[in-house]
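See structure below.
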Number of protein chains: 2
Amino acid sequence: MTASPLPEQIALRLRRDILRGTLAPGDPIKERDNALELGVSRTPLREAVRILAKEGLVQLRPARSPVVADPSLKEVRDAVAVLQALEILSGELACREASDAEIAEIRALSERHLALSETAEGEGLIELFEIDMAFHTAIARASHNPALAETHAAYLARMWRQRYLSAVQRRARERVRTQHENIVAGLEARDPARVASEINAHLAALITNLTRLFEAREAGRDLTTDETGIE
Amino acid sequence: MTASPLPEQIALRLRRDILRGTLAPGDPIKERDNALELGVSRTPLREAVRILAKEGLVQLRPARSPVVADPSLKEVRDAVAVLQALEILSGELACREASDAEIAEIRALSERHLALSETAEGEGLIELFEIDMAFHTAIARASHNPALAETHAAYLARMWRQRYLSAVQRRARERVRTQHENIVAGLEARDPARVASEINAHLAALITNLTRLFEAREAGRDLTTDETGIE
DNA sequence: AAGAAATTTTTGGTATACCAGATATACGCG
DNA sequence: CGCGTATATCTGGTATACCAAAAATTTCTT
């Protein structure tokens with residue numbers, strides 16, 4: 001058999017398209033068209049769509065084409081609230097479960113992020129962002145709780161686009177750098193309370209920033225569509 | 001179109017079978033056999049299996065039959081730890097977001113549970129358990145955070161069987177009754193800290209009980225297979 | 001008789017064909 | 001000219017057919 005990472009491959013591709021804005025929020029994902037376009041059958045494409053649906057990136061509608069999710073501000077805030085709880089738990093558990101090597105790896109990611117953060121531009125921003133994601137993912141894995149790590153990853157994926165739009169901003173980049181550093185320091189000190197509070201602050205700032213982004217969008221300067229020049 | 005709750009229907013049926021033990025942990029779920037048995041095609045059955053997989057009830061293996069999950073003690077404890085974080089967040093949010101009507105509904109569920117808890121036997125235990133689930137689900141919904149409620153529901157479903165085996169015990173029933181009452185009281189007082197601590201205690205007790213169950217199983221008195229006489 | 005290799009069978013993955021509902025379009029009527 | 005209805009088309013849901021990989025079984029060899 002083919003080991004069948006095919007639906008995952010398709011999901012990955014669609015996910016990136018959604019992140020880049022090639023597939024804009026609200027766009028329908030028609031089984032036939034996309035299957036033909038990607039050169040696969042409807043069946044695996046269908047599965048890929050379900051994967052993205054479970055991640056919250058697309059929205060299934062009964063007897064209708066699935067559409068790329070276009071979450072409201074409240075939905076995003078709700079999701080971040082859950083993410084916050086998951087990350088705080090991750091951080092606390094990581095303090096007592098993570099190996100020194102894992103914490104070192106987290107630090108390494110933080111420093112790679114720091115280095116790129118200054119220079120990144122254009123397509124490089126995607127790489128910057130992926131390191132950002134990897135940083136948070138590494139903490140979740142360091143909890144040594146696979147279920148937690150998986151759910152956390154799902155929430156991270158769900159908000160890819162929103163977090164991306166936020167993380168790309170120059171101002172936000174500055175903040176993220178120091179906050180990441182604080183989290184790493186807390187982990188190295190194995191101080192759960194400190195890590196929890198730092199992560200809490202980090203995500204609270206994210207909520208603030210996302211709120212700003214949404215308000216800007218409503219005001220007219222639409223920052224969430226292709227016009228931002230991501231491509 | 002058929003509105004297509006068909007995969008969900010199948011998933012529901014399989015889920016119940018797993019709960020009752022008709023499908024024992026480790027049993028393979030063969031697409032062809034089960035599809036034929038249920039009188040449907042492989043396609044929707046396949047989707048149903050994916051749903052259960054995402055819930056964690058079955059385990060997908062590349063190029064292999066999916067099997068009914070047989071989580072280890074660690075996996076169960078890990079999942080409960082996440083559930084704990086989710087429920088605590090739910091409770092805290094519910095304190096400030098829930099309507100009085102919602103809290104009243106939660107109380108009603110608690111009292112129905114109380115009433116049945118004394119008398120339930122045999123098949124009635126499933127109903128008792130479903131009310132227990134509904135109680136927790138209602139709190140999650142009362143948070144007015146749909147994402148949270150959904151993830152919470154997924155975790156609840158994932159541990160159906162384990163929680164069922166725990167909840168059925170006479171001793172556990174006693175404890176659950178008073179703890180539910182405490183949680184309701186906290187909600188009515190709209191005291192987030194109190195609710196958080198009560199929920200924390202409730203789930204900590206669940207972990208203890210599940211640990212006991214696992215130890216008993218390993219000791220030989222296998223409480224998690226059909227021999228418990230659920231059917 | 002035991003082990004290894006080849007073949008058969010079983011199983012999931014993928015492609016495709018068919019069906020029903022929902023939407024869009026076009027035509028006819030007021 | 002506008003609105004309602006009928007029809008054509010588009011779309012997702014389901015069934016089925018085909019393929020390749022993995023077990024299981026059988027058979028051949030030593």
Side-chain angles (χ1 to χ4, degrees), chain A residues 1-18 22-71 150 158, chain B residues 1-18 22-71 150 158:
Chain A
M1 296 176 188
T2 18
S4 163
L6 201 153
E8 264 80 5
Q9 279 180 19
I10 301 173
L12 185 67
R13 159 120 188 220
L14 291 176
R15 211 179 292 136
R16 268 195 102 101
D17 285 349
I18 292 174
T22 310
L23 265 67
D27 278 4
I29 300 184
K30 300 177 192 171
E31 289 190 359
R32 279 177 177 78
D33 295 4
N34 288 75
L36 189 67
E37 190 173 326
L38 297 177
V40 298
S41 167
R42 281 177 59 199
T43 317
L45 182 119
R46 193 183 169 72
E47 280 206 34
V49 169
R50 303 305 156 126
I51 292 174
L52 296 177
K54 129 186 155 190
E55 289 176 359
L57 278 179
V58 311
Q59 201 166 352
L60 299 176
R61 306 174 299 179
R64 257 333 213 307
S65 283
V67 293
V68 177
D70 188 11
E150 192 186 331
R158 176 194 297 222
Chain B
M1 297 178 189
T2 18
S4 163
L6 201 153
E8 264 80 5
Q9 279 180 18
I10 300 173
L12 185 66
R13 158 118 189 222
L14 291 176
R15 210 178 293 137
R16 267 196 103 101
D17 285 349
I18 292 174
T22 310
L23 265 66
D27 279 4
I29 300 184
K30 302 176 192 169
E31 289 189 359
R32 278 176 177 80
D33 296 3
N34 288 74
L36 190 67
E37 189 173 327
L38 297 177
V40 298
S41 167
R42 282 176 59 199
T43 317
L45 182 120
R46 194 182 169 72
E47 279 207 33
V49 169
R50 304 304 157 126
I51 292 174
L52 297 178
K54 128 183 156 194
E55 290 176 358
L57 279 180
V58 311
Q59 201 167 352
L60 297 176
R61 306 174 299 178
R64 252 341 208 303
S65 282
V67 293
V68 177
D70 187 12
E150 191 185 333
R158 175 194 298 222

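Just so we're on the same page: letters track the sequence lines, and every chain starts at 1.
Scanning for side-chain hydrogen bond (donor to acceptor under 3.5 Å, both in side chains) contacts around Arg13(A) gives an empty result, with sequence neighbours left out. For the side-chain hydrogen bond (donor to acceptor under 3.5 Å, both in side chains) test, no residue two or more places apart in sequence or in another chain qualifies with Arg32(A). Residues passing the side chain to side chain contact (heavy atoms under 4.5 Å, CB included) test with Pro71(A), sequence neighbours excluded: Ala69(A), Glu75(A), Val76(A), Gln162(A).
Applying the 4.0 Å criterion to OP1 and OP2 of dG13(C), one finds that Arg50(B) has a side-chain N or O inside that range. Distances shown here put every side-chain N or O of Arg61(B) at or beyond 4.0 Å from the OP1 or OP2 atom of dG12(C).
Using a 4.0 Å cut-off on heavy atoms, the residues of residues 29-42 of chain A that approach DNA chain D are Ile29(A), Lys30(A), Glu31(A), Arg32(A), Arg42(A), listed by number.
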Pairs under 3.5 angstrom only: tabulate donor-acceptor contacts from the side chains of residues 38-48 of chain A to other protein residues two or more places apart or in another chain.
unit_1   : atom_1 : unit_2   : atom_2 : d
Ser41(A) : OG     : Thr43(A) : N      : 3.4
Arg42(A) : NE     : Glu31(A) : OE1    : 2.9
Arg42(A) : NH2    : Glu31(A) : OE1    : 2.8
Arg46(A) : NE     : Glu47(B) : OE2    : 2.8
Arg46(A) : NH1    : Glu31(A) : OE2    : 2.6
Arg46(A) : NH2    : Glu47(B) : OE2    : 3.0
Glu47(A) : OE1    : Arg50(B) : NH1    : 3.1
Glu47(A) : OE2    : Arg46(B) : NE     : 2.8
Glu47(A) : OE2    : Arg46(B) : NH2    : 3.0

Taking distance alone, no hydrogens or angles, what donor-acceptor pairs closer than 3.5 Å link side-chain atoms of residues 51-59 of chain A to residues at least two apart or in another chain?
unit_1   : atom_1 : unit_2   : atom_2 : d
Glu55(A) : OE1    : Arg15(A) : NE     : 3.0
Glu55(A) : OE2    : Arg15(A) : NH2    : 3.2

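In this structure, of dT14(D), dA23(D), dT14(C), it is dT14(C) that holds the atom nearest to the side chain of Leu6(A). For Ser65(A), whose side chain is taken as the heavy atoms from C-beta onward, the closest listed nucleotide among dT14(C), dG12(D), dT14(D) is dG12(D).
One atom, CD of Gln9(B), and another, P of dG13(D), lie 14 Å apart when rounded to the nearest Å. In this structure, Leu60(A) atom CG and dT11(D) atom P are separated by 17 Å, rounded to whole Å. Taking atom CZ of Arg46(A) as the reference point, atom C1' of dA15(D) lies 12 Å away to the nearest angstrom. Regarding Glu47(B), its CD atom lies at a distance of 15 Å from the C1' atom of dG12(C), rounded to whole Å. We find that CG of Leu45(B) is positioned 12 Å from P of dT14(D), with the value rounded to whole Å.
Within the nucleic acid shown, Pro28(A) has no heavy atom closer than 4.0 Å to any nucleic acid atom.
Val49(A) is listed as a side-chain neighbour of Leu60(A), based on a closest heavy-atom distance under 4.5 Å.
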